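Both ligands and their constituent atoms are indexed starting at 1 by order of listing. What you see is a predicted model, and the numbers here were worked out from it, not measured in a lab.
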Amino acid sequence: MAKDTLTITDNRTGQSYDVPIADDTIRAVDLRQIKVAEDDFGLMTYDPAFMNTAACRSAITYIDGDKGILRYRGYPIEQLAEQASFLEVAYLLCVGELPTREQLESWKETITYHTYVHTNITKFLEGFRYDAHPMGMLLGVVGALSTFYPDAKDIHDPANRYLQRVRLLAKMPTIAAFAFRHSRGLPFVFPDNDLDYIGNFVNMTFSIGGRHKPNKVLQRALEILLILHADHEQNCSTSAVRAVGSSHVDPFSAISAGIAALYGPLHGGANEAVLAMLDEIGDKKNVPRFIDEVKGGGGRLMGFGHRVYKSYDPRAKLIKKVADDVFEQTGLNPKLEIALELERIALEDEYFVKRKLYPNVDFYSGLIYQAMGYPTEYFTVLFALGRMPGWLAQWEEMLLDKDQKIARPRQVYTGSEERPYVPLERR
Ligand code: ACO
């Protein structure tokens with residue numbers, strides 16, 4: 001018997017089957033041969049929320065959740081966060097290798113060339129209410145870009161895909177900054193292509209009357225945060241981009257689906273929820289009572305826990321370091337004291353220890369964004385800005401993967417048997 005196989009015995013029939021094992025997985029479709037009768041559909045796996053299903057093969061990001069390891073294309077996140085620029089990481093994720101100096105210069109130049117958006121986009125944004133959530137604006141505008149670039153439908157042409165990737169990376173800071181300005185009732189600031197990627201974004205968000213004094217320490221801190229968010233393999237929003245993109249829709253539509261998924265409080269929206277939680281706790285002395293409430297089922301400790309990391313999230317470790325640099329410039333965020341106390345108690349508490357619940361990327365990032373001057377509801381926009389290269393890299397990989405087809409899960413039907421329609425007057 002071949003060594004790399006799994007033998008399954010169906011006790012309903014007594015029959016045995018050998019199923020190949022590759023990369024520690026079996027193919028779910030190999031189970032379809034397991035039937036009770038010839039006209040059976042065959043055995044399926046039932047895996048709500050994809051707890052144990054690999055939906056693709058991917059060469060982009062490696063995570064070891066038990067050891068707290070995160071690597072992009074093989075490079076440790078710690079080294080990238082310390083030494084690389086965001087656009088360098090975006091190139092690495094999208095192209096697969098670190099750029100040479102020349103490649104990086106040309107990549108930066110191409111992206112800078114595409115930073116402007118059609119002015120109709122501003123009219124569009126003006127149509128949103130003054131209190132529209134910036135994530136709602138972002139996902140609407142990014143989706144709408146597909147109408148400005150109908151050429152993006154040609155997803156089978158590599159040069160065309162490259163152009164749309166560049167457009168999305170280049171226009172994202174502009175759109176994100178416009179959403180910020182709209183929320184504040186401030187006039188839009190257009191890109192200044194003499195500035196670098198991060199400098200341009202910060203200028204478009206904070207400049208008043210052309211007067212914005214750049215703070216290089218805060219800009220580098222923001223850049224590190226974007227690098228830490230750049231990809232995280234098959235998370236909820238990336239899976240949304242892949243699933244929607246698998247219908248061969250244009251990338252603007254697929255990416256806006258990713259932004260929608262990220263908006264949720266169990267995903268990217270958690271950084272916003274952490275700040276709301278810290279506000280609710282109000283004071284360090286209330287932390288033990290809050291922890292007891294969580295343990296009693298009265299809500300979750302936001303910014304804690306992760307589907308994959310069952311140890312300290314390596315990004316959270318790096319973010320704590322960034323926080324020190326930022327608070328040195330801005331003064332301490334008073335809520336940091338509450339956050340540190342929450343972490344201290346939770347890491348010692350049996351409830352959290354037993355369930356392997358550690359701070360995730362969102363636990364401290366919100367405190368930093370707030371110190372930088374971003375309002376709470378804007379935090380997830382910053383996350384989306386950082387995640388764009390990952391979404392684009394995963395979208396491209398999905399399209400080139402010969403194993404992939406339109407994403408279409410199966411179901412176990414639990415509804416009624418066939419029954420005749422009952423006219424309204426007889427119900
Ligand atoms: N606070 C309290 N208890 C928690 C928390 C939490 N933050 N997270 C999980 N648990 C408990 C659950 O109640 C469950 O307990 P039980 O076994 O007694 O029922 C157990 O830990 C396992 O939790 P699941 O919900 O099954 O874990 P899952 O992998 O499905 O959820 C998730 C992961 C969604 C991140 C969860 O930990 C959570 O809701 N965290 C808070 C929200 C958050 O911070 N999200 C950001 C994630 S990072 C990101 O997306 C960028």
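In this view, Phe124 and Val141, Ala144 satisfy the side-chain contact (heavy atoms from CB on, under 4.5 Å) rule, not counting sequence neighbours. Remark: Asp30 engages no residue in a salt bridge (charged side-chain N to carboxylate O under 4.0 Å, His left out) (not counting sequence neighbours). Listed by chain and residue number, Met135, Leu138, Leu139, Val142, Met172, Ile255, Trp391 satisfy the side-chain contact (heavy atoms from CB on, under 4.5 Å) test with Ile259 (two or more places apart in sequence, or in another chain).
No side-chain donor from either of Asp18 and Thr5 sits under 3.5 Å from a side-chain acceptor of the other.
The cationic group of Arg300 does not satisfy the cation-pi geometry with Phe304, failing either the under 6.0 Å distance to the six-membered ring centre or the 45° limit from the ring axis.
Shown are Lys402, Arg161, Arg242, Arg57; of these, the salt bridge (Lys or Arg N to Asp or Glu O under 4.0 Å) with Glu397 is made only by Arg242.
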Report each N/O pair between ligand 1 and the protein that falls under 3.5 Å, naming both atoms.
| unit_1 | atom_1 | unit_2 | atom_2 | d |
| --- | --- | --- | --- | --- |
| ligand 1 | 1 (N) | Leu301 | N | 2.9 |
| ligand 1 | 3 (N) | Tyr351 | OH | 3.0 |
| ligand 1 | 7 (N) | Leu301 | O | 2.8 |
| ligand 1 | 7 (N) | Phe304 | O | 3.0 |
| ligand 1 | 13 (O) | Arg300 | NH2 | 3.4 |
| ligand 1 | 15 (O) | Arg355 | NE | 3.1 |
| ligand 1 | 18 (O) | Arg355 | NE | 3.1 |
| ligand 1 | 18 (O) | Arg355 | NH2 | 3.0 |
| ligand 1 | 25 (O) | Arg300 | NH1 | 3.1 |
| ligand 1 | 25 (O) | Arg300 | NH2 | 2.9 |
| ligand 1 | 29 (O) | Arg307 | NE | 2.8 |
| ligand 1 | 30 (O) | Arg307 | NH2 | 2.9 |
| ligand 1 | 39 (O) | Arg300 | NH1 | 2.7 |
| ligand 1 | 40 (N) | Phe304 | O | 2.9 |
| ligand 1 | 44 (O) | Gly303 | N | 2.9 |
| ligand 1 | 44 (O) | Asn360 | ND2 | 3.0 |
| ligand 1 | 45 (N) | Leu266 | O | 3.2 |
| ligand 1 | 50 (O) | His267 | ND1 | 2.9 |

